[in-house]
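Report on the following structure.
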Amino acid sequence: MTIRMHTVLILPLVALLAACATPTFDPLEEARTQYQEAAGDPVVTQNAPVALYEAEKTLQKAEDAWEHENPDRAEHYAYLTKRRVELARARAQAEQAKQQAQQLAGQRDEILMSARTRELQQARLETREALTAVEQARLEADQARSELERSRTRAEDLERQMAGIEAEQTSRGTVLTLGGDVLFEFAKSDIKPGARQNLDRVVQYLEEFPDRQLRIEGHTDAIGPEPYNEELSRRRAQSVRTYLVNQGVDPQRIVTEGYGEQYPVAPNESSAGRLQNRRVEIVMLEPGRAARTAGRETERATTPPVAAGPPTQQEGAEEEQGSMQRQGEDSQQQGQEPMQRQERSATPEGEAQQQGVLQEEGSAQEGSADTPQ
Amino acid sequence: MTERRWRGLGPFGPFGVLVAVAALVACAHTQPPYEILSQADLAIREADQAGASRAAPLPLHRARENLEEARAAMGDDHYQDAELLAEKALADAQLASALTEAQQAEDELARTRANIETLEDEIQRSQEGMSR
């Protein structure tokens, strides 16, 4: 029992002694640990070396004071050490954040720059595309223009070709005049085989203007009874129509008319005039004008009065029909000469008698004029 | 001759002089720590102006406490204590300033980061707009 009592008394005593024997209070412990942690942290050593150095010096002062048995001072410097270590950490953090912000700012500038560059490139690309489009359009316009030029040239070529057939602009439209003697035998309405070439050129010309309405008008000279002439001129016009239709011209486009001797283009007193009057006219009406309502009767009175005297240049059969205007001028200029010329070129059938007389007259005149015969 | 000279030194004689010198020396060692006090005071003001009351309220508070205690010690002529307390206040105030600066740097970093994200978003959108 006594032993037990002793142990009960001894245990607290031992505990008390143990507590006293270990004067574990070390005011520097915390400061040391904090400093060592900071000193081992590369973020702090790299970003706040000066502050860390100050903390170390302070810690050293604390250690010195502790060694010199000055716990108050040691505690004081330990306090300062802890603040300075914290300060070093704060400095390091600030420094790091600033560096990162700077880096990010650089990145942002790069992003902005590259975005601007991209925008610029995009804009440049769009400009280039637009320019290409403009270039393309210009090219197409050029092509269209040269196309137009070509077709115009072609039309001009054709017109030049048609010159032999005599194309003339009138208020009704383009009038192609075909010499009656070229197309038909005397008093007949069948087209001569040799005239087909001429008509084919007409067909070719008409094909260039597929939207135009056509009037085919037959005319005769004043020889013979009028009803007969009218009938003949109508049949001849129809003959031409038939030929054109056979060559592929749309019959809907064509209206025929026989005018007989109603509309002479030259005086019927001379054989040359009569030759001119025997003709078929193909009127290519202005676009939109209907053939049925564009008869000769409707033509404005622009036709000069038929003057006495044939045209001057009558070298071939096809060139016999000069324009009326030219004819008018000619007759004024040339006075009595027409007879002689006319007889030289024109050889109309059924006028042999007259021709003979004229020939005599003509040779007499010729002899007296300039031919040393 | 020598006696007359000592007399001229005052009623305490040579001993009195010694005591006075000793007292002066002692006083010189524990002069009031005005400089460190004003340094601490200034550091606290600076930390406060920098925004430490929000970014580092505890260190700022400790700095003020320590400065108060230092002034109290001054009032009691405990210059030694006053100096140490002022030194603590200064360290606390400097820490408060550094923490405030760190906080501000972090804020700035976050702003820059957000800024870049917005920028990237905008660029993304404008590119989508372009390619559309």
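Naming convention: chains lettered A, B, ... in sequence-line order (proteins, then strands); numbering from 1 in each chain. Atoms considered below: every heavy atom in the structure, side chains included; atoms not considered: hydrogens, waters and symmetry mates. Just so you know, these numbers come straight off a predicted model, no measurement behind them.
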- Query: Please walk me through it: do A/Arg83 and B/Lys88 pass side chain to side chain contact (heavy atoms under 4.5 Å, CB included)?
  - Reply: CA-CA 9 Å; A/Arg83 298 296 167 270; B/Lys88 280 179 176 159; over 6 Å; no
- Message: Run the side chain to side chain contact (heavy atoms under 4.5 Å, CB included) test on B/Asp92 and A/Tyr79 for me, step by step, so that the C-alpha distance in whole Å, both residues' side-chain angles and the decisive distance to 0.1 Å come before the verdict.
- Response: CA-CA 10 Å; B/Asp92 284 327; A/Tyr79 183 97; 2.6 Å; yes
- Message: Would B/Ile123 and A/Arg118 count as a side chain to side chain contact (heavy atoms under 4.5 Å, CB included) here? Give the steps.
- Response: CA-CA 10 Å; B/Ile123 287 168; A/Arg118 253 198 309 277; 3.5 Å; yes
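If you measure heavy-atom distances from B/Leu119 to chain A, the contacts under 4.5 Å come from the side chain alone. Proximity to chain A (any heavy atom under 4.5 Å) is shown, for B/Asp81, by neither the backbone nor the side chain. Interface remark: B/Asn115 contributes side-chain atoms only to the contact with chain A (heavy atom separation under 4.5 Å). Contact annotation for A/Arg73: only side-chain heavy atoms (C-beta onward) come within less than 4.5 Å of a heavy atom of chain B.
Around atom CD of A/Gln102, no more than 12 heavy atoms belonging to other residues, nucleotides or ligands sit under 6.0 Å away. Enclosure of atom CD in B/Glu65 by more than 12 non-hydrogen atoms of other residues, nucleotides or ligands within 6.0 angstrom is indicated.
The minimum heavy-atom distance linking A/Ala97 with B/Glu106 is given by the pair CB-N, 3.9 Å. Across all non-hydrogen atoms, the minimal contact from B/Ala105 to A/Ala94 is CB-O, 3.6 Å. Residues A/Ala101 and B/Thr112 come closest through the heavy atom pair O-CG2, 3.9 Å.
From A/Leu104, atom CG reaches atom CZ of B/Arg111 across 13.0 Å, with rounding to the nearest 0.5 Å. The distance from atom CG of B/Leu90 to atom CG of A/Leu80, rounded to the nearest 0.5 Å, is 9.0 Å. The line from NZ of A/Lys82 to CG of B/Leu95 is 12.5 Å long, rounded to the nearest 0.5 Å. One finds the CD1 atom of A/Ile111 at 11.5 Å from the CD atom of B/Glu122 (value rounded to the nearest 0.5 Å).
Counting heavy-atom pairs closer than 4.5 Å to chain B, the top-ranked of the candidates A/His76, A/Gln93, A/Gln107 is A/His76. Chosen from A/Ala48, A/Ala51, A/Ala90, the residue pairing most often with chain B at heavy-atom distances under 4.5 Å is A/Ala90. Between chain A and the residues B/Gln94, B/Arg113, B/Gln103, B/Arg62, the largest count of heavy-atom pairs under 4.5 Å involves B/Arg62.
Between B/Glu120 and A/Arg108 no salt bridge is recorded (no basic side-chain N to carboxylate O distance below 4.0 Å).
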